[in-house]
Amino acid sequence: MTAQQDLQLFWFLPTHGEGRYLGTQKGGRAVTLAYLQQIAIAADSLGFHGVLIPTGKSCEDSWLTAAALLSVTKQLRFLVAVRPGLQPPTLAARMASILDRLSDGRLLVNVVTGGST
């Protein structure tokens, strides 16, 4: 990393619920739009570069989550996780194009090739 590069920090959006005990929902907080907005607004105001929006069978849809949070943030970028093979590439490209335009270029894409589906 050169002197001109800044460290860019991202926060994690728990779209599958926030479990207090590893691997369970025991003691966890339910996923609601208000909760995700609270996290996004805090990350935006604290100067985080962006938030990672995960994908998986127990997660809320990453595209819809990012779209729902655009209007409550100003600078925050959305690192949307996508899994090749779960949707046609042309659909993913179209959604990425629209979300990037609507967010004024705040979309980043995380291609996930392993882990849970």
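When all heavy atoms are compared, the tightest approach of C59 to H16 is SG-CB, 3.9 Å. Shortest non-hydrogen contact noted between P54 and S62 is O-CB, 3.6 Å. Across all their heavy atoms, S71 and A68 have their closest contact at OG-O, 4.4 Å. In this structure, A30 and Y35 approach most closely via the heavy-atom pair O-CD2, 3.8 Å. The shortest non-hydrogen separation linking V111 to P84 is CG1-CG, 3.6 Å.
Atom-to-atom distance recorded for I39:CD1 and F48:CZ is 11.5 Å, nearest 0.5 angstrom. Distance check, rounded to the nearest 0.5 Å: NZ of K74 to CG of D44 gives 7.0 Å. Rounded to the nearest 0.5 Å, atoms CG (D61) and CD (Q87) are 8.0 Å apart. With values rounded to the nearest 0.5 angstrom, I41 atom CD1 is found 8.5 Å from L69 atom CG. For the atom pair CZ (R77) and CZ (F10), the distance works out to 7.5 Å, reported to the nearest 0.5 Å.
Between L9 and H49 the shortest side-chain heavy-atom distance does not fall below 4.5 Å.
Hydrophobic clustering of Ile, Leu, Val, Met, Phe, Trp and Tyr side chains at less than 4.5 Å, counting indirect connections, keeps F12 apart from L36. If you chain together hydrophobic residues whose side chains sit under 4.5 Å apart, L64 and V31 never meet in one group.
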Pair W63-I53, side chain to side chain contact (heavy atoms under 4.5 Å, CB included): steps then yes or no:
CA-CA 8 Å; W63 295 106; I53 306 174; over 6 Å; no

Is there a side chain to side chain contact (heavy atoms under 4.5 Å, CB included) between L13 and L52 once you walk through the steps? CA-CA 6 Å; L13 283 181; L52 169 62; over 6 Å; no

In a table with atom names and distances, give each donor-acceptor pair under 3.5 Å that connects a side chain of residues 88-96 to protein atoms at least two apart or in another chain.
none

Output side-chain donor-acceptor pairs under 3.5 Å for residues 101-109, partner residues at least two apart or in another chain, one line each.
unit_1: S103; atom_1: OG; unit_2: L99; atom_2: O; d: 2.9
unit_1: S103; atom_1: OG; unit_2: D100; atom_2: O; d: 3.2
unit_1: S103; atom_1: OG; unit_2: R106; atom_2: N; d: 3.0
unit_1: R106; atom_1: NE; unit_2: S103; atom_2: O; d: 3.1
unit_1: R106; atom_1: NH1; unit_2: T73; atom_2: OG1; d: 2.9
unit_1: R106; atom_1: NH1; unit_2: L76; atom_2: O; d: 2.9
unit_1: R106; atom_1: NH2; unit_2: L70; atom_2: O; d: 3.3

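In this structure a side-chain-to-backbone donor-acceptor pair under 3.5 Å is missing from N110 to L79.
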